[in-house]
Structure formats: structure tokens, C-alpha cells
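Notes for the one structure printed next.
These numbers come from a predicted model, not from an experiment. Just the heavy atoms: all of them, side chains too, but no hydrogens, waters or symmetry mates, feed the values below. Below, read A as the first sequence line, B as the second, and so on, with proteins coming before strands; counting in each chain starts at 1.
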Amino acid sequence: DTGVSQDPRHKITKRGQNVTFRCDPISEHNRLYWYRQTLGQGPEFLTYFQNEAQLEKSRLLSDRFSAERPKGSFSTLEIQRTEQGDSAMYLCASSLFSGGLTGELFFGEGSRLTVL
Amino acid sequence: QKEVEQNSGPLSVPEGAIASLNCTYSDRVSQSFFWYRQYSGKSPELIMSIYSNGDKEDGRFTAQLNKASQYVSLLIRDSQPSDSATYLCAVILPGGFKTIFGAGTRLFVKA
């Protein structure tokens, strides 16, 4: 399977704990995105990488959120000191940018976080 | 004003009818537009992209773009119960980096 994979698929944690999600993009894709989605809403942009460089981070993200993409391959999204409001589906997507008007996103299955 | 706006629905159509989904966007300079389909409990999947004014057809799906009106639509002909899903309109903002999604329109196709 050469699609986008995310791990874990489900995470239940207690408020105040740290959680980390991993995303493995499609191997030839150079762009990687993290989104958050809650029930009845569209995906909300969190952050974006081109290769290993994090080019933008949403102003909606607090300092408790951090993302990395070492060596331009897989990416991790860490949430420190989780709060109940962090409960959501965290979606990773990748795309291949080679110039021009492109940008189709390919999503993983998501990591569902429940904070008790 | 939200960057991408959609009617949340639900939109209910009978099997075999045409479903029409609409979207408006706020940034006039945006150039890339997409429709994603999301089944309940699943992640979004791309069904159409459109970059130029006019219509683009792919099977039962037609995307329409009017940049002057900042309006994108998706028509689904011969709607099937399997088309029942949430349809997300997405726009790449100027700069070409960030894709912003609307809240989605829920479509129900009644057999």
C-alpha cells in the first residue's frame, strides 16, 4: 500500500497528558499537511511542510502543538498538556508540487484523539 | 467572512436526479479549486479539481468555476444512494501553499 498512513488510528488520553501522532506520506510527495477536523466541520489547517521545512503554522494553534518532519520523510504532530477541546480527528495529507496549478491532497485515514 | 463558504445542508435528492452543490470563496486571487467527498467516519477523497473558468466534466460529475463571481459548484448527474456523503469545497490561497476547506454540504440521495 503506497497511500498516506497514520498512527495511531485512535488515542484516548487523560487531560494534561502528551500525545504524538505519526504520518507517513506517499513516498514521492514533497508536501505534507496536518489538519484537524471536528464533527460537522471541514478540515481545519494546522501546519504545512515542503520537504523538511515547516512553512506555515496556523495562528489558531497554541504553543502546545508542535510538528516536525525530519529529513523530509515522515512527520510527527505532538500535543502537550492535552485539553478536552483538543478532542478531534487529526488528518495528515500529502501532495506533489512540481510547479503550476496543482495541489491535490491525498489524505490518510486520520488519528482520532479523545481527551477525557 | 469565512474564506470558503458552503451551505451545510442537508441536501436531499431522489435517486436519478441532479444534485447541485455550491461554494463561494473570499479571496479573488485564488486560482485552484477542488471538491472532496467524505463518507461518514472516513477521510476526504478528491473527486474534482478545476483551475479555469467554465465547466469541467468527469463522468457523472461536473465542476463549474466563475472567478468573477467567486463561485464554484459541483453537479452530480444521475445521483445514486452511494453518492450520499459530505462534499467539501476547497481552495488554495494565493501563494500556492495552503488549502482551505469549507464546512461541507451533506448530501442524501433517496432510493
Side-chain angles (χ1 to χ4, degrees), chain A residues 1 3-7 9-10 21 23 25-26 29-51 53-61 67 88-112, chain B residues 2-10 21 23-25 27 29-54 56 58 63 65 67 72 74 85-107:
Chain A
D1 185 9
V4 179
S5 63
Q6 294 188 244
D7 184 72
R9 294 289 306 280
H10 304 274
F21 302 114
C23 172
I26 294 172
H29 284 185
N30 52 6
R31 289 186 171 179
L32 186 147
Y33 299 78
W34 286 99
Y35 287 85
R36 176 173 62 189
Q37 189 174 28
T38 54
L39 193 63
Q41 299 298 313
E44 176 188 17
F45 174 83
L46 295 180
T47 191
Y48 145 77
F49 293 84
Q50 177 148 324
N51 300 313
Q54 185 174 19
L55 296 186
E56 188 168 349
K57 182 176 176 180
S58 171
R59 291 170 296 179
L60 300 174
L61 279 189
M89 177 71 83
Y90 290 84
L91 294 166
C92 177
S94 68
S95 70
L96 176 62
F97 176 71
S98 55
L101 298 177
T102 56
E104 295 88 349
L105 297 179
F106 295 82
F107 283 88
E109 292 297 317
S111 293
R112 180 168 297 283
Chain B
K2 292 183 179 179
E3 291 164 309
V4 181
E5 297 208 53
Q6 298 181 251
N7 185 328
S8 63
L21 304 163
C23 170
T24 58
Y25 59 96
D27 196 316
V29 188
S30 299
Q31 296 189 45
S32 302
F33 308 88
F34 307 90
W35 285 98
Y36 290 80
R37 178 176 61 201
Q38 187 172 26
Y39 291 114
S40 180
K42 301 294 185 182
S43 57
E45 57 178 336
L46 179 72
I47 52 173
M48 290 286 287
S49 60
I50 186 166
Y51 307 105
S52 304
N53 276 329
K56 178 182 178 181
D58 184 0
L65 174 60
K67 290 186 179 180
V72 192
L74 179 70
T86 296
Y87 289 81
L88 298 163
C89 176
V91 176
I92 294 184
L93 298 183
F97 302 140
K98 187 164 69 175
T99 300
I100 299 299
F101 287 83
T105 299
R106 294 175 63 196
L107 172 66

Drop me the distance from [X]'s [atom1] to [Y]'s [atom2], to the nearest 0.5 angstrom.
X: Q37(A); Y: S43(B); atom1: CD; atom2: OG; value: 9.0 Å
X: S95(A); Y: L46(B); atom1: OG; atom2: CG; value: 11.0 Å
X: Q38(B); Y: F107(A); atom1: CD; atom2: CZ; value: 8.0 Å
X: K98(B); Y: R31(A); atom1: NZ; atom2: CZ; value: 13.0 Å

task = Check whether any side-chain heavy atom of Y36(B) sits under 4.5 Å from a side-chain heavy atom of L105(A), and report yes or no.
result = yes
key: Region of E45(B) that comes under 4.5 Å of a non-hydrogen atom in chain A   = neither
query = Side chain, backbone, both or neither: which part of T99(B) has a heavy atom under 4.5 Å from chain A?
reply = both
Between [X] and chain B, with a heavy-atom cut-off of 4.5 Å, which part of the residue counts as in contact: side chain, backbone, both or neither?
X: Q41(A); answer: both
X: E44(A); answer: neither
X: F106(A); answer: neither

request  = Could you tell me whether F45(A) and F101(B) have their ring centroids closer than 6.0 angstrom?
outcome  = no
ask   = What are the two closest non-hydrogen atoms of G42(A) and L88(B), and how far apart are they?
value = CA-CD2, 4.0 Å
remark   = What one should report as the nearest heavy-atom pair of I92(B) and G103(A) is CD1-CA, 3.8 Å
